2 protein chains.
Amino acid sequence: MGRHREFDVDTALDAVTCVFWRKGYEGASYSDLTEATGVERPALYSAFGNKEAMFGKALARYYDRYLDYIPEALALATSRDVAAHILKHAVDLNTRFTEHRGCFLINGMLAGPDTAEPIRQMLIDARADGERQIRERFERAKAEGDLPESADPATLAMFLMTVLHGIAVQAKAGFAREALAAVAAQALLSWPTAPTRTS
Amino acid sequence: MGRHREFDVDTALDAVTCVFWRKGYEGASYSDLTEATGVERPALYSAFGNKEAMFGKALARYYDRYLDYIPEALALATSRDVAAHILKHAVDLNTRFTEHRGCFLINGMLAGPDTAEPIRQMLIDARADGERQIRERFERAKAEGDLPESADPATLAMFLMTVLHGIAVQAKAGFAREALAAVAAQALLSWPTAPTRTS
DNA sequence: ATGTTACTATAACGATCGGTATGTTATTTG
DNA sequence: CAAATAACATACCGATCGTTATAGTAACAT
């Protein structure tokens, strides 16, 4: 009995999920959430609990709606197929929506309020500068014959940065050094070498 | 002329850098900064400008103090040496300090106030669960002979997660899909295969 | 010694944060 | 038609945020 809800909880949760995806947990304010959902604050509390609980529900929604490629991948025939399937769909998902790029899980910690945008740009620029230095070094390596003609210095530099970022995230999550060293070794296994090197 | 500073700006900047490293930009409050430096708020403003400028100086300090292995690496003979040197030192740096694990750049965006710790744990757990599923799948692959005996399912799963996290960070930074797809392809190049597969 | 300068320390500023008390309105139950 | 129930909207709560005004103090120049 009592009055009926005037909004659809599922639709609101979708909007909430998008906001958290774009701005992260800390960066999403209730002003953002009420604006995105069109639902007043107390109604959000009554429907989802506090902010932490709401984030949990958004996380579950993200898994349901966007991470269905994971079980798909796990059912494939070979481990390489599994890895390839996950990577392909992750790249696609992370670049599909211009308004919320990246992964919900990572952005949950990584993103922030719009006022912090200059800071993010500062860090992105610093990162890009490091990548540029490495790329230029690899271009030289290619010119010197250290890297084969088939190698792409830009991709190699980007790949190295990717692994570095991933390692940083996992270090923050508490991974042991030996584990991360094994990851680094794995990353180096694919490193291209010049065909003969005798010239 | 006028009164002298009663604190050492360089020492204070070191403390500031550690706070930003541990808590990120948004997560570091002036209360944290005054406590870590032992310097009152207006003195920090007079010495470093506002919070954004202070973060910029801390970033520069991080480069000077902790990223000296980058120019070292760039001077090495081969591209593989460059990559190996960077990876080795990055792993070491990211796991050296228990009070601020990970990379300053990534943590600058990724970390947050202590009150958000339950959220980070929620995301870390979700991430760990995904990794577990993949690892178990790879263990099966090894049992089935899809992966060679020399392969380590745990390392492979962790490596895959590392690349996924790195891709997520770079997608957030605005990388194009084609670029990230090339990175994913590079990651797959090192995938181990069973020796003969004919059994 | 005196005035000027630049620091220190306290305390306050407005804004925004997550969270709620409160009164109103709509719906169901008796 | 009441009485009860639950969602609605407004407005507010205390706390914390980054920032700064203000008053006191130490070191210089004259």
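Letters A, B, ... mirror the listed sequences (proteins, then strands); counts begin at 1. Here the structure is a predicted model, which is why all the values come from computation and not from measurement.
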### Message
Within the 4.5 Å heavy-atom criterion, are B:Phe48 and B:Leu13 side-chain neighbours or not?
### Response
yes
### Query
Are the side chains of B:Lys51 and B:Phe20 in touch, meaning some heavy atoms are under 4.5 Å apart?
yes
### Query
Salt bridge or not for B:Arg140 and B:Asp146, using N-O below 4.0 Å?
no
### Message
Can you list, in residue-number order, the parts of residues 30-53 of chain B that come under 4.0 Å of DNA chain C, counting heavy atoms only?
### Response
B:Glu40, B:Pro42, B:Ala43
### Query
Residues from residues 4-22 of chain B sitting under 4.0 Å of DNA chain C, heavy atoms only?
B:His4, B:Arg5, B:Glu6, B:Phe7
### Message
Before you tell me yes or no, could you show the steps for A:Tyr62 and A:Phe55 under ring-ring contact (aromatic ring centres under 6.0 Å, His included), namely the whole-Å CA-CA distance, both residues' side-chain angles and the distance that decides it to 0.1 Å?
### Response
CA-CA 10 Å; A:Tyr62 175 72; A:Phe55 186 79; over 10 Å; no
### Task
Assess the side chains of B:Thr17 and B:Asp14: does a donor N or O sit below 3.5 Å from an acceptor N or O?
no
### Task
Would you check if there is a donor-acceptor pair between the side chains of A:Glu40 and A:Thr34 at a distance under 3.5 Å?
no
### Query
Of B:Gly27 and B:Arg3, whose closest DNA chain D nucleotide lies nearer the 5' terminus?
B:Gly27
### Task
Considering non-hydrogen atoms only, spot the tightest contact between B:Leu33 and B:Thr37 and give its length.
O-OG1, 2.7 Å
### Query
Could you walk me through whether A:Tyr30 and A:Tyr45 pass the ring-ring contact (aromatic ring centres under 6.0 Å, His included) check?
CA-CA 10 Å; A:Tyr30 268 94; A:Tyr45 275 90; 4.8 Å; yes
### Query
Take atom CD in A:Glu149; do more than 12 heavy atoms of anything else shown fall under 6.0 Å from it?
no
## Note on the structure
Rounded to whole Å, the CZ-P distance (B:Phe55 to D:dG18) equals 13 Å
### Query
What class does the angle between the rings of B:Trp21 and B:Tyr66 fall in, given that below 30° is parallel, 30 to 60° is tilted and above 60° is perpendicular?
perpendicular
### Query
Which nucleotide span of DNA chain C, 5' end to 3' end, has atoms closer than 4.0 Å to non-hydrogen atoms of chain A?
C:dC17 to C:dT29
